[in-house]
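The sequence lines fix the lettering, A, B, ..., with proteins before strands; numbering per chain opens at 1.
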Amino acid sequence: MPELPEVETVVRALRPQLVGRTIQAVRNRWPRHIATPTLDELQARIHGRTFQAIERRAKYIVCHLTGKETLLFHLKMTGHLAVVSALLPENKHSHTIFSLNNDEELRFTDPRKFGRVYLVANIDDLLGGLGPEPLLSDFTPQLLRTRLQKHKRAIKPTLLDQTVIAGIGNIYADEALHEARILPTRPANSLILSELDRLHHGIQKVLRLGIEREGASISQYVKPDGTKGDMQNAVAVFRRTGDVCYRCGRVIERIILGGRATHFCPGCQV
DNA sequence: ACCGGAGCCTGTTAGC
DNA sequence: TGCTAACAGGCTCCGG
């Protein structure tokens, strides 16, 4: 399930393969894969454009093209992007394929069909409502406090709200709360200053660890080259239900919170 | 304004 | 063992 570290890993892999390449054609075998505009308009607007820069914003992959167009991808649950030889046999779930000017193709494959392609002239239309990037310097404990004070619902689903903080998903929310020793059921606006400091530190620590380990290959996620990340071997609580906490020895529990599986240690998270 | 739940999807897993 | 039903969850939309 690609979250900030997984998407960052994908961006870092794709960047040297795509920057400077020109899109010659687009093929699509499932029209709803393209969220905006229509397939016809996408093809008309994208033909002949060159990748100038590729970056990540929240869980979006943002490709700046010549002509002030921006191509974006969201992998959602099972999306996979890779640059491969045009001779490689196609996967039946490769819904949208971009032919490049070097006998390679950028293929967006997604069995679950949650992922989407966007082409926009103004990225703020799509990204304007997102919360701050948790690894940038302007994300301070004070900013975290300001963002969380507005919400009285549980801290775990609040961390998943992309308008509050951008990029955190189910794995890293559970991991950050464990790192910070905070129960996921705590109301977001109930955290005291010392807890906010720990949570700020915990969020950054687990996200940086996830990037360093090139993502968590839990369920479907693999890197663009098809190999696994390593973060699944470094989680403290996620899907460790029934195992002992490395920090205090109590048994990890699993509850449903905000409709999401939530893993925590009842011994050291309060 | 805020919040919880449904819906989107299909491969994988759990349970009978 | 083999089948079916439940589950997985990021995000948007809708209704309370």
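Taking 4.0 angstrom as the limit, A:K59 places none of its side-chain polar atoms (N or O) nearer than this to OP1 or OP2 of C:dG10. Contact annotation: A:K76 side-chain N/O to B:dC9 OP1/OP2 distance is not under 4.0 Å. A close approach under 4.0 Å does occur between a side-chain nitrogen or oxygen of A:H151 and OP1 or OP2 of B:dC3.
Taking only distance into account, the side chain of A:R260 never meets the base of B:dG4 through a donor-acceptor pair shorter than 3.5 Å.
Each of A:K113 and A:P157 has a nearest nucleotide on DNA chain B; the 5'-most of these lies closest to A:P157. The residue among A:D110 and A:T158 whose nearest nucleotide of DNA chain B lies closer to the 5′ end is A:T158.
Closest approach to the A:K150 side chain among B:dG11, C:dG10, B:dC2 is made by B:dC2 (side chain taken as heavy atoms from C-beta onward). Closest to the side chain of A:F114, from the set B:dC8, B:dC2, B:dG4, is B:dC8. Here the side chain of A:Y60 is nearest to one of B:dG11, C:dG10, C:dC11, namely C:dC11. Of the listed nucleotides (C:dG10, B:dC3, B:dG11), B:dG11 has the atom at the smallest distance from the side chain of A:P111.
A side-chain donor from one of A:T96 and A:H33 sits under 3.5 Å from a side-chain acceptor of the other. When only modelled atom types and interatomic distance are considered, A:E179 and A:H201 share no side-chain donor-acceptor pair under 3.5 Å.
Taking atom CD1 of A:I256 as the reference point, atom C1' of C:dC7 lies 10 Å away to the nearest angstrom. Separating the CD atom of A:Q162 from the P atom of C:dC11 is a distance of 4 Å, rounded to the nearest angstrom. The distance from atom CZ of A:R32 to atom P of B:dC8 is 8 Å, rounded to the nearest whole Å. The separation between A:L159 atom CG and B:dC3 atom P is 13 Å, rounded to whole Å. Atom P of nucleotide C:dC11 and atom CG of A:L130 are separated by 8 Å, given to the nearest angstrom. Remark: C1' of B:dT12 and CZ of A:R239 are 10 Å apart, rounded to the nearest angstrom. In this entry the distance linking CZ of A:R116 with C1' of C:dC11 reads 10 Å, nearest Å. Atom CG in A:L72 sits about 19 Å away from atom P in C:dG10, given to the nearest Å.
Partners of A:F264 by ring pair (Phe, Tyr, Trp, His ring centres under 6.0 Å), not counting sequence neighbours: none found.
In this structure, A:Y172 reaches neither bases nor backbone, as no heavy-atom distance under 4.0 Å exists between it and the strands shown.
With respect to the salt-bridge test (charged N to carboxylate O, under 4.0 angstrom), the residues A:E133 and A:R56 qualify. A salt bridge is defined here as a Lys NZ or Arg NE, NH1 or NH2 lying under 4.0 Å from an Asp or Glu carboxylate O, and A:E212 with A:R208 fails to meet this definition.
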